[in-house]
Amino acid sequence: MSVTSKSLSHYDALYNFSIIILAIGFAVVFFLKIFRTSSTWKATVTPLASIIGSGFLVVTPLFMLILGKYALFAIIGMVCIAYIMGYVMRYNILHIESGMDKLSMPMLLTGMERFSYFSLGVAYLISVPFYIKLLSLFFLRSVSMQNGMISNGIATILLVFIGITGKLNGFKKLEFLEEYAVNIKLSIILSMLIALIIFNINLVQSHHWILTVKTPEFDIKTIRELLGTIIIVQGFETSRFLGLNYKPEMRVQTMRYAQIISGIIYVLFVGLSMVIFDTVTHITETSIIDVGARIALVLPYLLIIAAIMSQFSAAIADTVGAGGLLHEASLKRLKPENNYLLISAIAIILTWSVNIFQIISLASRAFAFYYAIQALEATIVAYKNIDGFTSVLRVILFTLIFFIMVVVTIFGMSV
């Protein structure tokens, strides 16, 4: 094993205390008035919460199992594809959304948009209970307990809380809860990244930094598994359904911020933690907790908090997104406040009636299908507005993303 207990003084009290202080320091910054009163930050929080959901917990061991020592290249590629897909969504917000509102878009585009709602709705209805179920598992892990009934009970209580809060207090209250959870989560993630930097520097200086992981054979299965990981960097599309609260230009700008922030976090996290997962042979939803102590004794406890906050904020983000989706799909007849309660109720039913972890691959395909339709819409509109070389490149890019998302929908394999 390339990482030993001698490679870093992770038992050192001062070192562990410093990590806690770092996390508290970052939290203080995020709770300053400049963030609390910033509409830009508030609009960034929803897509950011959804993108950094369960992904950061499993991204490194997952890509190392698929590509071995080339895991870093995989996440860089995935982040780039996601950013381009985000560009498609941003283009549609500015060039298609307003036409939908005014019912002035061609019937083909209107029909495609309505059809895509069903796919995204299915994805949201699976992802919300998925996030909450993960949250309950991490909570039980923190008290050394594993019990399916208790886990479902905790998930139900939280889903009822989200639904009633949304019903009684609307979007702003859910956004408030989401913002606090994201601030705490980011504070811990940033402190962990600094700890990882110190950890890697120490390994390099002591000549212990080495990857011995066996790189699997690259074949069709590898490609299909990579296609199935698109759900890790998904979530930016939630900006599309915040139209009742933020103007298009704000949502475009903050979606871009969310993707850049999350992309940097994912790339750094994978690059810096590969050496920790060097001997990984299988992963669970709590794998990151198991190896956290190799960096610092306090990290497993901080990571449990981060994981809980991550799943809570992601669940709220997708509930908000689904509420806005139903509002648009019903031609604004269904109010978001009622939608939040409905979504929570369906999520509770799914929590008790199906194995969420077995059907999460369906959500991944549903997201990809939604993105494919969005890319096709963008391609059609961009083609009708070609006026130079740049616009031609835009059409080519949108077409490429369309085909990639179709391939993901058809051939993506659950990992």
Side-chain angles (χ1 to χ4, degrees), residues 19-57 127-128 130-136 138-139 142 154-155 157-193 235-236 238-239 241-242 244-246 250-251 254-255 257-258 261-262 265 298 301-324 336-337 340-341 343-344 347:
I19 293 175
I20 296 175
I21 293 300
L22 270 175
I24 294 174
F26 282 124
V28 169
V29 172
F30 282 123
F31 284 108
L32 289 176
K33 186 177 180 180
I34 190 173
F35 281 97
R36 288 188 289 106
T37 60
S38 171
S39 57
T40 298
W41 178 243
K42 291 179 185 296
T44 302
V45 160
T46 295
L48 186 59
S50 190
I51 298 172
I52 310 181
S54 59
F56 90 95
L57 303 172
S127 64
V128 170
F130 171 75
Y131 288 134
I132 293 297
K133 182 72 172 181
L134 269 181
L135 186 159
S136 65
F138 275 105
F139 175 77
S142 69
I154 293 173
I157 292 172
L158 290 172
L159 288 168
V160 168
F161 173 72
I162 291 173
I164 292 178
T165 300
K167 168 63 178 177
L168 298 179
N169 301 286
F171 169 80
K172 288 300 180 182
K173 187 63 176 182
L174 288 179
E175 184 183 54
F176 172 80
L177 296 173
E178 182 183 51
E179 183 181 359
Y180 268 65
V182 168
N183 288 347
I184 295 172
K185 170 181 66 178
L186 286 180
S187 301
I188 295 174
I189 289 176
L190 290 177
S191 64
M192 182 177 183
L193 286 176
F236 46 86
T238 51
S239 294
F241 304 106
L242 301 180
L244 286 176
N245 303 280
Y246 300 103
M250 173 69 79
R251 286 181 284 134
T254 53
M255 184 199 296
Y257 289 161
I261 293 170
S262 61
I265 287 175
V298 299
Y301 306 101
L302 291 177
L303 283 170
I304 287 175
I305 297 173
I308 290 174
M309 293 298 104
S310 180
Q311 306 319 302
F312 185 62
S313 61
I316 293 178
D318 281 10
T319 299
V320 167
E337 292 79 8
Y340 302 144
L341 195 59
I343 293 159
S344 295

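Contact between Glu337 and Gly170 at its shortest, heavy atoms only, is CG-CA, 3.9 Å. A pairwise comparison of heavy atoms in Lys42 and Arg36 identifies NZ-O, 2.9 Å as the closest pair. Shown here for Ile343 and Ala322, the closest heavy-atom pair between the two residues is CD1-CB, 3.3 Å. Closest approach of Ser50 to Gly235, counting heavy atoms only: OG-CA, 3.2 Å. The two residues Leu303 and Met192 make their nearest non-hydrogen contact at CD2-SD, 3.3 Å. When all heavy atoms of Glu178 and Val45 are compared, the closest pair comes out as CG-CG1, 3.6 Å.
Atom CG of Leu32 sits in a crowded spot, with more than 12 heavy atoms from other residues, nucleotides or ligands closer than 6.0 Å.
No side-chain heavy atom of Ile132 sits less than 4.5 Å from a side-chain heavy atom of Gln311. Contact annotation: the side chain of Val320 never approaches that of Glu175 to less than 4.5 Å [non-hydrogen atoms, C-beta and beyond]. Inter-residue side-chain proximity for Leu159 and Val128 is flagged as met; some heavy-atom pair is nearer than 4.5 Å. A heavy-atom distance below 4.5 Å is found between the side chains of Phe26 and Leu22. In this structure, the side chains of Ile189 and Ile52 come closer than 4.5 Å at one or more pairs of heavy atoms. Residues Leu177 and Phe161 meet the side-chain proximity criterion, which asks for heavy atoms closer than 4.5 Å. Residues Pro336 and Phe171 have side chains not in contact (no heavy-atom distance under 4.5 Å, counting atoms from C-beta outward). By the 4.5 Å heavy-atom criterion applied to side chains, Trp41 and Leu48 are counted as neighbours.
The side chain to side chain contact (heavy atoms under 4.5 Å, CB included) test with Ser313 is passed by exactly one of Asn183, Val182, Leu135, Asp318: Val182.
A donor-acceptor pair is defined here as one N or O able to donate and one able to accept, closer than 3.5 Å; such a pair exists between the side chain of Ser191 and the backbone of Ile188.
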Next on the checklist: Test side chain to side chain contact (heavy atoms under 4.5 Å, CB included) on Phe312 and Ile184; report intermediate values, then the result.
Outcome noted: CA-CA 11 Å; Phe312 185 62; Ile184 295 172; over 6 Å; no
Next on the checklist: Run the ring-ring contact (aromatic ring centres under 6.0 Å, His included) test on Phe31 and Tyr180 for me, step by step, so that the C-alpha distance in whole Å, both residues' side-chain angles and the decisive distance to 0.1 Å come before the verdict.
Outcome noted: CA-CA 8 Å; Phe31 284 108; Tyr180 268 65; 4.7 Å; yes
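With values rounded to the nearest 0.5 angstrom, Ile162 atom CD1 is found 5.0 Å from Ile316 atom CD1. Here the straight-line distance linking atom OG1 of Thr254 with atom OH of Tyr246 works out to 8.0 Å at 0.5 Å rounding. Distance check, rounded to the nearest 0.5 Å: OG of Ser187 to CG of Leu302 gives 10.5 Å.
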